[in-house]
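Heads up, the thing below is written out as structure tokens.
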Amino acid sequence: MVSRFVFGLGLLSATALVHPAFAADVRTLQIFVSKNKQSLAVYDGTEVIATSKVSTGKDGHTTPSGIFSVLEKRKYHESNLYSAAPMPFMQRLTWSGIALHESNSVPRYPASHGCVRMPGAFAKMLYGMTEPGIPVIISDGELAPQPIDHPTLFHPDAPAMPLLSDVELRPSMPDSPQKPVQVAMNDTTAMPMPMVQPHATHETESPTEPISMLITRRTLRETVIDIQTLLNQLGFSAGDPDGLLGPATVQAVTAFKTLRPAEFTGDKSLISDRLLKAVYAAAGKGEPPNGVIMVRKAFKPVFEAPVAIADPGLALGTHFFTLQAVDEKTGTADWLGITLENNLSRETMKRLGISNQESSIVTGKPIARSLSRISIPDETRRKIDALIAPGSTLTISDTGLGRETGEGTNFITITRG
């Protein structure tokens, strides 16, 4: 599932260009679609290597903006939603029906039912250039990746080390697609101290494939996992730490509260910040964290761990980073980054505990400001430093996993539906 490729100078459309020096080399690609310009650009690093006109979704069937990746490729595919309409050279972006594909109608204005249409020759060429996992960014205006150097970003300057004996990373999402995952956001107004979670499942092999990472605010799911884990450690039988409020978890929470009636007077919610802080304190873990970093590889969860987000009342914004190159001898990594406009609704801001979303607007230096507010525990950083490879990606977002992220995806962030 790497975003690197080998291609030759095949059939090109009149709207495409390809640098001849790339004919036989392995490169790391990103695809950018501008809905305002009705255009698509393929980047290798900061250089455009191919372009085309496109047609995105029309009124009533708008193409969503956000951060995607190619999930599946089929040379010939028929739409499951629109009367088996042909979709040659289909490259799927979501399991809900958004894709890049060939069309004989690309008028360079919005005309599709949500997909991104491309001329036939270009669609065929692009199909030959990509592999599953390649990032696809869809936005209103044109975006271009720029070099980013910041100490919060990962680099291979530390050798792979075993984690400390008292530090464990918890498993990520439940493996079974039948198990629902709660993604309602938790109140994050309290300033946290990072705490590393229990129940580790981690890999130690050398980084031969890129990984996908998401840093976001903690949601109800992470809160319930922590409560389940710590209540189990305290002797309550809360069930498997899966983020679901099953009977065992409800019974354990009720029993914990019953032993501390003075602490929960007037607290009518089953799960609350008051409960989370009380469970952390009882387990001797200090203040709960307010952020999380999740890691996937080949579309599968690897691990997740807490992070701290300073000034939680200020939006982080939506930012996307791609690792272009790694030099293990010098311990350096070349990252590229972009910021996507993502105006949050009042309801979303209230739910997330955000009072100011200035940093989510594409002005000034929002990437540096957001990166500087994120603190990652050293053990987690060493773990990720040992996993990164060219093509690895990092998304920063306020809004959690999102509904499109699930089985067989990287982290999908929708900035406009």
Side-chain angles (χ1 to χ4, degrees), residues 13 15-16 30-43 50-127 130 132 134-144 318 320 338-345 348 360 362 395 397 399 401-406 408-417:
S13 74
T15 57
Q30 297 184 78
I31 297 173
F32 288 83
V33 176
S34 168
K35 293 193 287 187
N36 289 349
K37 298 289 186 179
Q38 291 292 286
S39 64
L40 180 152
V42 183
Y43 277 83
T51 65
S52 175
K53 67 176 182 177
V54 298
S55 283
T56 58
K58 58 188 176 183
D59 288 344
H61 299 279
T62 306
T63 300
S65 299
I67 302 164
F68 309 87
S69 61
V70 173
L71 307 179
E72 178 189 41
K73 297 175 61 175
R74 292 187 181 182
K75 287 186 178 180
Y76 185 78
H77 178 70
E78 293 182 348
S79 173
N80 297 322
L81 300 176
Y82 299 105
S83 303
M87 300 169 60
F89 299 105
M90 185 274 293
Q91 302 194 57
R92 183 183 298 278
L93 304 183
T94 72
W95 292 113
S96 62
I98 304 301
L100 309 170
H101 66 83
E102 174 190 338
S103 175
N104 58 11
S105 175
V106 188
R108 200 160 196 164
Y109 57 76
S112 79
H113 284 88
C115 288
V116 178
R117 296 178 180 177
M118 301 174 290
F122 184 87
K124 181 177 181 180
M125 183 197 72
L126 186 66
Y127 189 94
T130 63
I134 179 174
V136 180
I137 312 301
I138 301 177
S139 60
D140 289 341
E142 289 182 297
L143 295 176
T318 303
F320 182 71
I338 59 167
T339 294
L340 289 82
E341 186 171 355
N342 188 9
N343 292 311
L344 305 176
S345 67
T348 300
S360 68
V362 188
T395 300
S397 171
T399 52
L401 283 172
R403 290 177 294 179
E404 293 287 357
T405 299
T409 75
N410 284 331
F411 298 108
I412 298 174
T413 298
I414 305 295
T415 58
R416 179 175 297 179

> Which heavy-atom pair separates A99 from M87 by the least distance, and what is that distance?
Replying inline: CB-CE, 4.1 Å

>> Under 6.0 Å from the ring centre and within 45 degrees of the ring axis: does the NZ or CZ of K75 meet both conditions for the six-membered ring of F89?
In response: no

>> If you count every heavy atom of other residues, nucleotides or ligands that lies below 6.0 Å from N36 atom CG, does the total exceed 12?
In response: yes

> Can you find a pair of side-chain heavy atoms, one from M118 and one from E102, that are under 4.5 Å apart?
Replying inline: no

> At what distance, to the nearest 0.5 angstrom, does CZ of F32 lie from OG1 of T51?
Replying inline: 14.5 Å

> Is there side-chain contact between T62 and P64, with at least one heavy-atom pair below 4.5 Å?
Replying inline: no

> Cut-off 3.5 Å, side chains only: do S397 and T399 have a donor facing an acceptor?
Replying inline: yes

> What distance do L126 atom CG and H101 atom NE2 have between them, rounded to the nearest 0.5 Å?
Replying inline: 13.0 Å

>> I want to check something: taking the side chain as every heavy atom from C-beta on, are I67 and L340 in contact at a cut-off of under 4.5 Å?
In response: yes

>> Is it true that E404 and S96 share a donor-acceptor pair across their side chains at a distance under 3.5 Å?
In response: yes

>> E341 vs S139, test: side chain to side chain contact (heavy atoms under 4.5 Å, CB included). Steps then yes/no.
In response: CA-CA 8 Å; E341 186 171 355; S139 60; over 6 Å; no

> Got a second to check how far L40's CG is from S55's OG, nearest 0.5 Å?
Replying inline: 12.0 Å

>> Within this structure, what is the CG-CD1 distance for the pair L93 and I31, rounded to the nearest 0.5 Å?
In response: 8.0 Å

>> For R117 versus S103, what's the shortest heavy-atom pair and its separation?
In response: CD-OG, 3.5 Å

> Does some side-chain heavy atom of C115 sit less than 4.5 Å from a side-chain heavy atom of M90?
Replying inline: no

>> Test of understanding: with side chain to side chain contact (heavy atoms under 4.5 Å, CB included), list the residues that count as partners of S65, not counting sequence neighbours.
In response: K35, D140, T415, R416

> Is the closest side-chain heavy-atom distance between H61 and D59 below 4.5 Å?
Replying inline: no

> Quick one: does T94's side chain have a donor or acceptor within less than 3.5 Å of a partner on I98's backbone?
Replying inline: yes

> Going by heavy atoms in the side chains, are P119 and K53 under 4.5 Å from each other?
Replying inline: yes

> How many angstroms lie between atom CZ of F411 and atom OG1 of T395, to the nearest 0.5 angstrom?
Replying inline: 8.0 Å

> Closest heavy-atom contact between K58 and A111?
Replying inline: CD-O, 4.0 Å

> Does the side chain of T339 reach to within under 4.5 Å of the side chain of T318, using non-hydrogen atoms?
Replying inline: no

>> Could you measure the distance from the CZ atom of F320 to the CD1 atom of I137? Nearest 0.5 Å is fine.
In response: 4.5 Å

> Please walk me through it: do F68 and T409 pass side chain to side chain contact (heavy atoms under 4.5 Å, CB included)?
Replying inline: CA-CA 9 Å; F68 309 87; T409 75; over 6 Å; no

